[in-house]
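First comes the structure, then the notes that go with it.
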Protein chains: 2
Amino acid sequence: MATLDFSPIADTTRRAEIVALLRRAILTGQLEPGQKLNELRISEQMRVSRAPLREAMRELVQEGILTSIPYAGTFVIDVTAKDIDDAYSLNKVIDEFAIARTWPLRDQRFFDELDRRHAAVKQATRELDTTRQIETALQLHGLIHEWADNSVLLETWQRLTSRLQMYFALHQRARNEPVPAEDAHETYVRLLKGSDMRAAQRHAKEHIDFDFEALLAYARGLEQRGSKGAGANRAGPPEGG
Amino acid sequence: MATLDFSPIADTTRRAEIVALLRRAILTGQLEPGQKLNELRISEQMRVSRAPLREAMRELVQEGILTSIPYAGTFVIDVTAKDIDDAYSLNKVIDEFAIARTWPLRDQRFFDELDRRHAAVKQATRELDTTRQIETALQLHGLIHEWADNSVLLETWQRLTSRLQMYFALHQRARNEPVPAEDAHETYVRLLKGSDMRAAQRHAKEHIDFDFEALLAYARGLEQRGSKGAGANRAGPPEGG
DNA sequence: GAAAAACAGATTGTCGACAATCTTACAAGA
DNA sequence: TCTTGTAAGATTGTCGACAATCTGTTTTTC
């Protein structure tokens, strides 16, 4: 018998669908940072009860894109320049790790998948679909994390990605311009196919920094204007054990 | 007016208490890997309804120590040698990062806190309280992540920690021996106080590896025996976008 | 008139019951 | 004997209603 690979059956719970809907709304910026999620209103709009909606919200709180205050409400996380900086600096570290781990596992299937995702980015770029462009670019970057064969790394990257995607979307929405039309990933893909691992790692860092500068500048601008609920969270001794 | 630092008020929802209870039960090994959590039974034992219990479980699923299959149940995650390997290898990377970030931020309060946590480990070691020893040792290691002033890093480390603590507890339970009585953290603390950052980073790696070897060997042994629900999750091209 | 107390409205947290789904056991048919 | 269909029981998913809490306003008191 031929061993056909079936993909997992789709999640059939309302909860899962709600999670997907909410996540998309948040990551595309339809739900803005700081915005409160009214349970009754949303549950009525989605035609579900509050139970699965609340469970979905708990998941997204743990996922790090919502925050919850008991008896006060659940809110889309606020985006500060520091958050972006934190996410990016950690991302650089695990990118380097992911490349190192993926490197010896590269095979034809890897290269094919790399090309496929690269093509998807170029496609979205041609179509001037900014949301899709962000998605596909992050998926291209995600390949090294998926291929590294480290489930914990993959989870970590996915958590980071959620935030990055949110930040990017926010950025794009605010600037409302059709995105750099150039192919910014040509070198990245070429190096991943090559034989110089250190060069690939180095480029990953620099390439990310490139996108990053504009984003950080934008975020700093945001904080100048709307300084609602700021608060410098300086690290300090946490509650003692 | 003197600026007194008040600690946050305790969460007063049942959900939060349930999360704490369940997490502790899992991390100490009272709930064993693979075990199914019966909602009705647990809710009756805790004298709460299923609603807050289910919300708590969703949080722990996202936290990575429970896994959920729709209409089948929620289970404590299975511990494989590969999981441990994954967690540790990533931990080494972010440890290095955390030390680098913490380094310029070290001050007297840092050193005091370092000593405090170190003392807690030694205390637990003297009292032969293995569970507490694991907790305190991880808290000692956690200081560099808390002090690094990077919220995303801290979250990531806390997720990793949950698993490591679970693995350690399992290990200790199985071996049932009173733990290495020596002070394994003397050098670590000394180097963190010193002036050679690279040396501290290097030691963190090696030190962790030291604890790790026994744990990994044990986990491999586990897999030899109970090979229930194995399955080699080789990385492959995920579902296309 | 200002501070404190009491009230009203809205929202979140929790509960008990019902619906949908899965598992198991058992019977029917090839 | 093996497969397929069916029914019973148990468990998870979802719903609507009630309780607890917060916020803002009004009333009372000095």
Side-chain angles (χ1 to χ4, degrees), chain A residues 1 6-23 25-26 31-63 65-78 228-229 231, chain B residues 6 8-23 25-26 31-63 65-78 228-229 231:
Chain A
M1 178 196 301
F6 286 103
S7 55
I9 222 70
D11 284 348
T12 51
T13 60
R14 297 196 197 290
R15 180 182 71 237
E17 289 188 48
I18 296 171
V19 166
L21 274 176
L22 282 181
R23 185 190 289 123
I26 296 167
L31 285 171
E32 292 178 11
Q35 186 172 346
K36 177 172 176 177
L37 278 66
N38 185 308
E39 296 178 2
L40 194 57
R41 198 172 57 76
I42 295 178
S43 69
E44 282 170 354
Q45 288 178 351
M46 291 188 180
R47 306 286 183 82
V48 296
S49 71
R50 285 172 54 221
L53 172 62
R54 283 173 58 87
E55 291 186 17
M57 286 165 95
R58 288 312 140 232
E59 291 191 22
L60 294 177
V61 166
Q62 283 309 105
E63 208 173 298
I65 59 182
L66 288 181
T67 182
S68 166
I69 303 174
Y71 288 106
T74 305
F75 308 83
V76 179
I77 59 166
D78 264 320
K228 56 179 176 182
Chain B
F6 286 104
I9 221 71
D11 284 346
T12 51
T13 60
R14 297 197 197 291
R15 180 182 71 238
E17 291 188 46
I18 296 171
V19 166
L21 275 177
L22 282 182
R23 184 189 290 123
I26 296 167
L31 285 171
E32 292 178 10
Q35 187 172 344
K36 177 172 176 178
L37 279 67
N38 185 309
E39 296 179 1
L40 194 57
R41 199 171 57 75
I42 295 178
S43 69
E44 282 170 353
Q45 288 179 351
M46 291 188 179
R47 306 286 185 82
V48 296
S49 73
R50 284 173 54 221
L53 172 62
R54 283 172 59 86
E55 290 186 18
M57 286 165 102
R58 287 313 142 234
E59 291 192 22
L60 295 176
V61 166
Q62 282 311 105
E63 207 172 299
I65 59 181
L66 289 181
T67 182
S68 166
I69 304 174
Y71 289 106
T74 305
F75 309 82
V76 178
I77 59 166
D78 265 318
K228 56 180 177 183

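By convention in this document, chain letters (A, B, ...) are assigned in the order of the sequence lines, proteins followed by strands, and residues within each chain are numbered from 1.
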(request) Please say which of A:T67, A:V19, A:I18 ends up in a side-chain contact (heavy atoms from CB on, under 4.5 Å) with A:L60. (result)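 Of A:T67, A:V19, A:I18, side-chain contact (heavy atoms from CB on, under 4.5 Å) with A:L60 is met by A:V19 alone.
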(request) Can you check each nucleotide of nucleotides 15-22 of chain D against protein heavy atoms at under 4.0 Å and return B for base, S for sugar-phosphate only, - for none, in 5' to 3' order? (result) B-B---SS
Tell me: [atom1] of [X] to [atom2] of [N], nearest whole Å?
{"X": "A:M46", "N": "D:dT14", "atom1": "CE", "atom2": "C1'", "value": "15 Å"}
{"X": "B:I42", "N": "D:dT12", "atom1": "CD1", "atom2": "C1'", "value": "13 Å"}
{"X": "A:L53", "N": "C:dT11", "atom1": "CG", "atom2": "P", "value": "14 Å"}
{"X": "B:E17", "N": "C:dG13", "atom1": "CD", "atom2": "C1'", "value": "13 Å"}
{"X": "A:N38", "N": "C:dG13", "atom1": "CG", "atom2": "P", "value": "12 Å"}
{"X": "B:I69", "N": "D:dT11", "atom1": "CD1", "atom2": "P", "value": "16 Å"}
{"X": "A:E39", "N": "D:dT14", "atom1": "CD", "atom2": "P", "value": "16 Å"}
{"X": "A:E55", "N": "D:dG13", "atom1": "CD", "atom2": "C1'", "value": "8 Å"}

(message) Considering every strand and a 4.0 Å limit on heavy-atom distances, what is the contact class for A:R54: base, sugar-phosphate, or nothing?
(response)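 Answer is base: heavy atoms of A:R54 come under 4.0 Å of a base.
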(message) Categorize B:L37 for me: base, sugar-phosphate, or nothing, with a 4.0 angstrom heavy-atom threshold over every strand shown.
(response)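 If one applies the 4.0 Å heavy-atom cut-off, B:L37 turns out to touch the sugar-phosphate alone, with no base involved.
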(request) Can you pull out how bent the helix from C:dG1-D:dC30 to C:dA30-D:dT1 is, comparing the axes over its first five and last five pairs, to 10°? (result)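 Result, rounded to 10 degrees: 0°.
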Considering residues at least two apart in sequence or located in another chain, which fulfil the side-chain hydrogen bond (donor to acceptor under 3.5 Å, both in side chains) criterion with [X]?
{"X": "A:E63", "result": "A:R23"}
{"X": "A:E59", "result": "A:R15"}
{"X": "B:R58", "result": "A:E55"}
{"X": "A:R14", "result": "none"}

Which residues share a side-chain contact (heavy atoms from CB on, under 4.5 Å) with [X], sequence neighbours left out:
{"X": "A:R41", "value": "A:N38, A:Q45"}
{"X": "A:I42", "value": "A:L37, A:M46, A:L53"}
{"X": "B:E44", "value": "B:L40"}

(message) Tell me the closest heavy-atom pair linking A:R50 and A:S43, and the distance in Å.
(response)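 A:R50 and A:S43 have their closest heavy atoms at CG-OG, 3.8 Å.
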